[in-house]
Amino acid sequence: MRARSAFGVLRLATAAVCTVALVHRLFWGLSSRTIAGENFFAYLTVQSNCALVVVLLIGAVLAVIRATDPRWFTVALALVLTWTITAGLAFALIVWQAGLRGIRVDVPWSDQVLHFYLPACTALAWVLTPGHRGVPWWVVPTALAFPLAWGGVTLWRGPSVGWYPYYFLDPRQVSGPPEFLITSGIALAIFALVATVIVLVSRMRRRGHERPEV
């Protein structure tokens with residue numbers, strides 16, 4: 001139980017760091033001429049990290065008052081981690097491709113925290129945190145529901161505001177429907193792969209913690 005309480009404190013601290021990074025990223029975007037700060041909450045990264053803050057705050061309380069996390073919380077955490085980790089991987093690919101094309105991409109420290117450091121730390125915590133339950137396999141297709149809904153709203157909203165959060169969703173920046181479909185398909189495949197790994201790790205940990213019958 002002492003280890004659970006320690007992880008509860010870590011969850012609380014992580015939620016605080018995520019909140020500070022989100023606030024900094026908001027004001028950095030509002031002050032930037034190249035970033036659409038008024039569309040801050042349209043980013044998948046921002047939405048998923050807001051969800052992460054809520055889940056971590058709930059998890060901090062559960063870690064203190066319970067020896068194990070309830071199944072619903074583990075499922076919720078698995079879904080949120082899928083979104084935040086995939087968003088980080090996608091952002092890394094975007095920055096890498098921009099560098100190859102000679103396009104400047106400003107990455108403030110808050111973006112580094114939200115896209116790289118927090119996903120890495122939460123992924124490690126998923127492996128190490130005591131009291132996790134095994135996650136069912138239906139989490140994998142369920143994890144795709146949010147990015148699909150987000151993508152639909154983004155495509156519907158984009159023409160009216162003249163802005164898209166990621167270049168491959170903007171018809172003006174892709175060569176045509178084939179590139180859009182291929183890039184979007186790759187993004188969804190990464191979501192599914194990350195969710196699969198998260199579920200697999202949780203089920204392996206559960207099997208490893210089961211006591212053999214005497």
Side-chain angles (χ1 to χ4, degrees), residues 18 21-53 78-120 122-123 139-199:
C18 188
L22 285 168
V23 172
H24 177 272
R25 180 59 180 77
L26 170 61
F27 285 102
W28 182 85
L30 291 173
S31 64
S32 173
R33 295 182 179 179
T34 59
I35 302 296
E38 64 273 15
N39 294 305
F40 175 73
F41 288 103
Y43 287 99
L44 186 145
T45 299
V46 172
Q47 294 181 17
S48 60
N49 275 282
C50 287
L52 179 63
V53 171
L79 290 171
V80 173
L81 291 185
T82 297
W83 304 330
T84 55
I85 292 172
T86 305
L89 293 173
F91 184 76
L93 289 174
I94 290 173
V95 172
W96 174 65
Q97 288 186 343
L100 292 179
R101 299 179 182 184
I103 301 174
R104 175 182 173 181
V105 177
D106 294 324
V107 184
W109 68 263
S110 51
D111 261 339
Q112 297 178 35
V113 169
L114 295 173
H115 289 101
F116 305 138
Y117 302 136
L118 278 179
T122 52
V139 164
V140 176
T142 304
L144 301 181
F146 169 59
L148 284 171
W150 173 87
V153 173
T154 299
L155 292 176
W156 168 78
R157 179 177 181 268
S160 62
V161 299
W163 177 86
Y164 296 82
Y166 305 104
Y167 81 91
F168 60 87
L169 297 176
D170 189 344
R172 300 165 298 183
Q173 299 189 56
V174 295
S175 59
E179 182 180 355
F180 164 76
L181 292 174
I182 291 173
T183 307
S184 300
I186 292 174
L188 287 175
I190 296 174
F191 275 104
L193 177 61
V194 172
T196 299
V197 172
I198 286 175
V199 172

How close do Asn39 and Arg157 get, counting heavy atoms only, and between which atoms? OD1-NH2, 2.5 Å
Distance-only, no hydrogens or angles: does the Thr122 side chain make a donor-acceptor pair with backbone N or O of Pro119 under 3.5 Å? yes
Taking the side chain as everything from C-beta on, heavy atoms only, tell me whether Ile186 gets closer than 4.5 Å to Leu93. no
Taking atom CG of Leu114 and atom CG of Leu22, what is their separation to the nearest 0.5 Å? 5.0 Å
d(Tyr164 OH, Leu169 CG) to nearest 0.5 Å is 8.5 Å
Candidate pair Ile85 and Val197, rule side-chain contact (heavy atoms from CB on, under 4.5 Å), full reasoning: CA-CA 11 Å; Ile85 292 172; Val197 172; over 6 Å; no
To the nearest 0.5 Å, what is the distance between CZ on Phe180 and CG on Leu155? 4.5 Å
Which atom pair, heavy atoms only, marks the closest approach of Ala192 to Val140? O-CG1, 3.9 Å
For Pro108, which residues count as a side-chain contact (heavy atoms from CB on, under 4.5 Å) partner, sequence neighbours excluded? His24, Arg25, Trp28, Ser110, Asp111
In Å, rounded to the nearest 0.5 Å, how long is the span from SG of Cys18 to CG of Leu118? 5.0 Å
Would you find a donor on one side and an acceptor on the other, under 3.5 Å apart, between the side chain of Gln47 and the backbone of Phe41? yes
Are Gln112 and Tyr117 packed together at the side-chain level, in the sense that at least one heavy-atom pair is separated by less than 4.5 angstrom? yes
Between Trp163 and Tyr43, is the gap from one ring center to the other below 6.0 Å? yes
side-chain contact (heavy atoms from CB on, under 4.5 Å) partners of Leu44, counting only residues at least two apart: Ser48, Ala87, Phe146, Pro147, Trp150, Tyr166, Phe191
d(Leu144 CG, Leu79 CG) to nearest 0.5 Å is 10.0 Å
Residue pairs, two or more places apart or on separate chains, that pass side-chain hydrogen bond (donor to acceptor under 3.5 Å, both in side chains) and touch residues 78-91: none
Walk me through whether Val194 and Leu89 qualify under side-chain contact (heavy atoms from CB on, under 4.5 Å). CA-CA 10 Å; Val194 172; Leu89 293 173; 4.0 Å; yes
